[in-house]
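Working notes for the structure below.
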Amino acid sequence: MERQRHYPEKPGRIYFFGTCLVDLLYPEASLAGMQLIQREGVDVIFPKDQTCCGQPAWNSGYRDEARAVALAQLKCFPLDYPVVVPSGSCAGMMRHHYPRLFKNTPQEQQVQALANRVYKLTEFLVHVLKITLKDLGTPAKVALHTSCSARREMGVAEEHEALLQQLGNVELVEQERKAECCGFGGTFAVKHPKISAEMVSEKAEHISNTSADTLVSGDCGCLMNISGRLNHQAEKIKGKHIASFLWERTNADSQ
Amino acid sequence: MQTASDFRQRSEEALGNPQIRRNFRFAMDGLMAKRRAGLSDPREREQLRTQCAGIRVNALSKLPELLEQLEGNCTRNGIQVHWAESVDEANNIVLEIMRQHDATRMIKGKSMVSEEMELNHFLEDHDIECLESDLGEYIVQLAGETPSHIIAPAIHKNRHEIAELFRQKFPDIPFEEDPEKLARSAREILREKFYKADVGLSGVNFAVAETGTLCLVENEGNGRMCTTVPPVHIAVTGIEKVVEQLSDIPPLLNLLVRSATGQHISTYFNMISSPRKPGEKDGPQEVHLVLPDNERSRIYEDDELINTLRCIRCGACMNHCPVYGRIGGHAYGSTIPGPIGSVVEPQKIGLDTLGELPTASTLCGACGEVCPVRIPLPDLLNRLRYEGVRNNNDGKVKGQSEQRKGTEAWIWKSWSWLHVQPMLYRLAMRTATRLRSLMPRKLGPWTDVRRPPRIAARTLHELAREKGFDNA
Ligand code: SF4
């Protein structure tokens, strides 16, 4: 877990790492993230050869397989622009676990240099771009689930709240046990489905108890899990990635 | 031997038992709230954590020297030190001491190492009566169970269940649900046992190398009784419990207690430095210290896994673990449950038997966030997952590679193969979006409680290209 990170001046260009889950299930989240950054006058590059950060294999103990995939990503970020990632767990993977994965390999230094310039989207918006948002949306009641990796590994939970609090028409409500894990945990949900089901059911219940109309999350894994549960129970709560939510409420054409 | 399905079965049983669920939720909520209140200043808390982590790291970095120093100073103080390679050896040492004194009755204070040794069973097989005197341990012993938590062994039971247990075991004592009255009844039953016991056994929280002092933290006073009333006191503890100097104790004690129960100081803190000296009116005539290794030396050899041995057994990681809080301690099937149990136990017993435990975590990091000695628990869980499935066995971790299964390995190989070929990957993703209407409505247990995720109409790669972001 990190606390004080030194943030650079606003750069001219960044690389965007979209993540595999977003690629297939929530492309609008990454697109919104890129548009938010571009609107601040920063060039966004989406290297087309990116696939996955390697986290699923890494967390399952398959390190050789994870390293091979991570190595393929290294090639996507040859210049020293910041790498912005719309997911806490993928950002955490690249920032904290890549150095472990490549320890004592020829790429060790290259990987450390990459890790040093990886940012979670929300922290990048707040600390590097110092973004100000003008809410154009209609009144909304929002519950926020910050992922565990954003909260504890990247230490950027407050940034999510700070962004939502900039939106004048948004009422941020707090669910019970908000810092507790939603039970996704990647392959955990597959290996221990019953425990995961119990965790997500409680999480969904706490969120619906707030009578929020929208669930905003900083990670698509949590979103898929919690929204999947809410929708299963026919709850009307919409699930949105924070980037989509911010973009839609601040972009005139989306209204 | 335990298998993965045992863990699954036990955890599902626990999930299906609303009483157990309520008991744990209630107890864990209480313990978390107490820690929060007891460590409310984040700056002080983080500073103390850093200090305590430093003390433990320092002690481990000089473990061999400190153990020698501890032995020298204990011996000088009149404490007899016994080294044991295995739990069998440790059990036999205890038995031998008992035999030298023709002892048949032992009274025990709380000791997780004696649980690790399964000492009670061992001694009972040799016709020695072993009685637990810690209230929680006593309850668990009466019920014929094992502890479900390292500092609160009977936490899986609520007071009605405990009162019912007492009523069954002691029909003559009036049926009381009030916790204080329950404790009083237990105390009355136990008090007499202290005087009759030939030997008292206790654990050790910290063993100070500099002075040869054994420190014992407790709240009930039974630890003090066990270590002073019977004529012989045997302390058992793992070799990792040593610290360098006496000045290490105040911060460790402070943070241990606040992390465990939120108290500012435990009700009792015992520092045992010798047997009764000539002219003293109380205290045991003999004090023994038994130090089992039981795989600790092997754990010590590894640069990363050595961090396992920092643990001061406060229980905070389990109190804060969302998995432990739902399935309880017994589901783990190991002496120590929860995150630290899932790290330490497979290393002791073997990944072949307990290799499922490191997977029983979402890696949410709640454990690592509260650990008073900053053990990177999620990283260690991740490492043990790797040790369980790696295909190049170096024999350094017990039961290494035993969790590797053909199909799973094949899935990850194929996954890797696809994700290192960007063109192929893009094609696969695009195909998936075009065929999304064919996606099954049922995805195994995932969809038992959730709607299936919806594949997007077009991939991010396609959208990014269309918007001109794809210009690298
Ligand atoms: S691992 Fe840390 S939190 Fe868990 S019992 Fe040990 S010292 Fe306490």
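A note on names: the letters A, B, ... follow the listed sequences, proteins ahead of strands, and every chain is numbered from 1. Keep in mind that this is a model prediction, so the values were computed, not measured. No hydrogens, no waters, no symmetry mates; every other heavy atom, side chains included, goes into these values.
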Could you state the interatomic distance from CG (B:L15) to CE (A:M199), rounded to the nearest 0.5 Å?
->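 Answer rounded to 0.5 Å: 10.5 Å.
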How far does OH of B:Y386 sit from CG of A:L101, to the nearest 0.5 angstrom?
->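 Answer for the OH-CG pair, B:Y386 versus A:L101, is 10.0 Å.
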Are the side chain of [X] and the backbone of [Y] linked by a donor-acceptor contact shorter than 3.5 Å?
X      : Y     : result
B:R385 : A:N59 : yes
B:H461 : A:K48 : yes
B:R390 : A:D64 : no

With a 4.5 Å cut-off on heavy-atom pairs, point out which of B:R426, B:R383, B:E462 contacts chain A the most.
->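 Maximum pair count with chain A is reached by B:R426.
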Go through B:G325, B:A432, B:A409 and name the one with the most non-hydrogen pairs under 4.5 angstrom from chain A.
->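 The option with the most such pairs is B:A409.
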N-O pairing of A:R151 and B:E369 below 4.0 Å |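 Between B:E369 and A:R151 there is no salt bridge, as every charged N stays at least 4.0 Å from the carboxylate O atoms.
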Is the shortest distance from a Lys or Arg side-chain nitrogen in A:E198 or B:R25 to a carboxylate oxygen in the other one below 4.0 Å?
->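 No salt bridge links A:E198 with B:R25.
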Let me know if [X] has heavy atoms under 4.5 Å from chain A in its side chain, its backbone, both or neither.
X      : result
B:K413 : both
B:R454 : backbone
B:R21  : side chain
B:R458 : backbone
B:L463 : both

Tell me, side chain or backbone of [X] under 4.5 Å from chain B's heavy atoms, or both, or neither?
X      : value
A:A197 : both
A:Q50  : both
A:C182 : neither
A:N225 : both
A:P78  : neither
A:S227 : neither
A:V200 : side chain

Answer whether the closest heavy-atom distance between the side chains of A:C52 and B:W415 falls below 4.5 Å.
->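 The answer is yes, as the side chains (C-beta and beyond) meet within the 4.5 Å cut-off.
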Taking C-beta and beyond as the side chain, do B:R465 and A:F46 meet within less than 4.5 Å on heavy atoms?
->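 Of all side-chain heavy-atom pairs linking A:F46 with B:R465, none is under 4.5 Å.
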Closest-packed option against chain B by number of heavy-atom pairs under 4.5 Å, given [options]:
options                       : value
A:E65, A:R67, A:Q233, A:Q35   : A:E65
A:G185, A:P193, A:C181, A:A57 : A:A57
A:E28, A:H97, A:Q38, A:Q73    : A:Q38

Apply the test salt bridge (Lys or Arg N to Asp or Glu O under 4.0 Å) to residues B:E304 and A:K103: give CA-CA distance (whole Å), side-chain angles for both, the deciding distance (0.1 Å), then the verdict.
-> CA-CA 13 Å; B:E304 185 180 25; A:K103 204 171 154 198; over 6 Å; no
Would you check if there is a donor-acceptor pair between the side chains of B:R450 and A:S196 at a distance under 3.5 Å?
->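 A donor-acceptor contact under 3.5 Å links the two side chains.
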